[in-house]
Amino acid sequence: MKRYLLSIALCLAALTAGAQQTDYLTLRMADGTECSVPSSGLTLTFGNGQMTVRSTQGTTNYALTSLAQMWFAATPTAISSLSGSNAGIRIIGGQVVATGIAPADIRVFTPDGREVGQSGLPRGLYIVRTPQQTYKVTAP
Amino acid sequence: MKRLTRFFLPLLLALLGIPGLTQAQVMYIHQGHTAVAVPMAEAGVMNFAEGATLTVMGHTYTLDAVDSVRIVPTDAYTPDAIAIRYAADGAHVVMAASLVDDVALTTDGAHVTAIAAPTLQREVTYSLSGASADGSFAMDGEYKATVVLDGLTLTSTRGAAIDIANGKRIAVILPASKATTLTDAAGGTQKACFFINGHAEFSGAGSLTLTGRTKHAYASDEYTLLKADFSGSITVLAAEGDGMHTEQYFRMKNGRVTISGVKGDGIDAPVTNDATDVDNGCLFVEGGSISLQVTADDVKGLKCDNAMTLTGGTIEATVSGLGTKGISTGTDLLVGTGGNGPTLRMSVTGTTYMPGNAELESKCRGIKVKGQFTFDGGNISISATGAKSKAISVDGNYIYKSGSINCAVDAANT
């Protein structure tokens, strides 16, 4: 009896894990920045050189020329949600540049969770956290 | 252990059916009335290029032509499937991403053409539904295919309502509780309202109603089989030609066929041009029921160029046209086998067609057999009251083995 229940449980776990792999749509920009949005009910439309993303989090426009790739992901953590402008957070010359956000409100982490400063950042991927949102940002 | 399996297996299968629990979520890429269904779990990395294109699963879409991309995580993805829904504003098509480079699909209002590449060696399932007063479906390919008539009402003003040029096996599925009605254009060149170039196999419990306004209501250039799991119905309301014209052979294992209002034969199974074709020019009824109203002159209810074998089911015919035959065989007729057989009931009231004409005179018969008639089971009940009509006329020998019969058999030898 226990073996059967365990088998059922393992099957369900595998199925649900697979189903969650498409819970988010991640956009990668030409400058390396990324952002994600819940995929459920998502609609993308194209026109006037723009891609308009309508999700449960609102509506955002992207210049088509700024888009590089997109894919579905399951990442339940370190997911950045769409901001009002995708130019809000960048790393330029190793320096975190944020539009409309005070430096004191910004915290920067490496992917393994170590907090680092906002300058002198070597090339790589960083998690930039503000009081409202979290972003994955690439330092070129 | 068996008890546990009986309990847990259905539970597991039920859980698998829960939307979102399996990897079947769909992203739709909409272009006009056509959408490509992409399985989200298989989409992988999708690449934008120069702000003008998006490549998904190896196919590049021009963004100017893309109306929207829509995510529906509760939808299930079905590979190698094309769903066509007819509506007042045209045909709406959903095509599986697995086919986008292998099936050329064009729509002109509600007239849809799907041409599968010769290199496509996978079975495509086409599901047709909805309604249009001016639409059609044409399909071709080099591999067997399935057509699901999923509740479709279609009238074509251009030609056939459904024209399948694919010469392979075509599975025609009539889902339960779904009614399909097809009408073709009048004065056209099409062979039938519903035409299949290959061999057709019908299954399902739904209904199909046909009107042939140019020639036949239904035609196939190779055999047509009503399978044992066909519990639905085919009804011909009218035809300028035959009700069902099935070259090579017609075989019925189950289901109901009702034919009336035809100017040609009810069911005609002529030979093909290929002498090696199996059972060429034969007709078989093994189950189900056939109801025929044979009212036109000098036509037949059931007709075949070679042998007819009736081993089950029920055949009822009202034969009232001049010189008409309820059943006509090119060679032999076998009714019943091993003491079991069909029920044949006919009312023959027609009289002579072209009386006195040496070439064209034809008398009315319930059954006309040009070869040998063997009766080995079943019930034959024929009432022939038309002037100079006969219940059963056999050019060759009549061999009685078993069964009940209430009429005379006029044969060369008994």
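Lettering of chains follows the sequences in order, A, B, ..., and the numbering in each one begins at 1.
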Rounded to the nearest 0.5 Å, what separation is found between the [atom1] atom of [X] and the [atom2] atom of [Y]?
{"X": "A:S39", "Y": "B:Q25", "atom1": "OG", "atom2": "CD", "result": "6.5 Å"}
{"X": "A:F46", "Y": "B:L54", "atom1": "CZ", "atom2": "CG", "result": "6.0 Å"}
{"X": "A:T43", "Y": "B:Y28", "atom1": "OG1", "atom2": "OH", "result": "12.5 Å"}
{"X": "B:F48", "Y": "A:R28", "atom1": "CZ", "atom2": "CZ", "result": "13.0 Å"}

Taking the side chain as every heavy atom from C-beta outward, state whether A:F72 and B:I71 have any atom pair closer than 4.5 Å.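 In short, these two side chains touch, coming nearer than 4.5 Å.
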When only pairs under 4.5 Å are counted, which of B:V45, B:T55, B:I29 shares the most heavy-atom pairs with chain A?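 Top option by heavy-atom pairs under 4.5 Å: B:V45.
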A:N48 atom CG, neighbour heavy-atom count above 12 within 6.0 Å: no
Neighbour count above 12 (heavy atom, 6.0 Å) for A:E115 CD: yes
Looking only at non-hydrogen atoms, find the nearest pair between [X] and [Y] and report the distance.
{"X": "A:Q69", "Y": "B:N47", "answer": "NE2-OD1, 2.9 Å"}
{"X": "A:T45", "Y": "B:S68", "answer": "CG2-CB, 3.8 Å"}
{"X": "B:P73", "Y": "A:G41", "answer": "CD-N, 4.2 Å"}
{"X": "A:W71", "Y": "B:G44", "answer": "CB-O, 3.6 Å"}

If you count heavy-atom pairs under 4.5 Å between each of A:L44, A:T52, A:L64 and chain B, which one has the most?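 Option with the top pair count is A:L44.
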Using the side chain to side chain contact (heavy atoms under 4.5 Å, CB included) rule, pick out the option among A:T22, A:D23, A:L25 that qualifies with B:M40.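 Passing option: A:T22.
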The criterion is ring-ring contact (aromatic ring centres under 6.0 Å, His included); which residues satisfy it with B:H111, sequence neighbours excluded? none
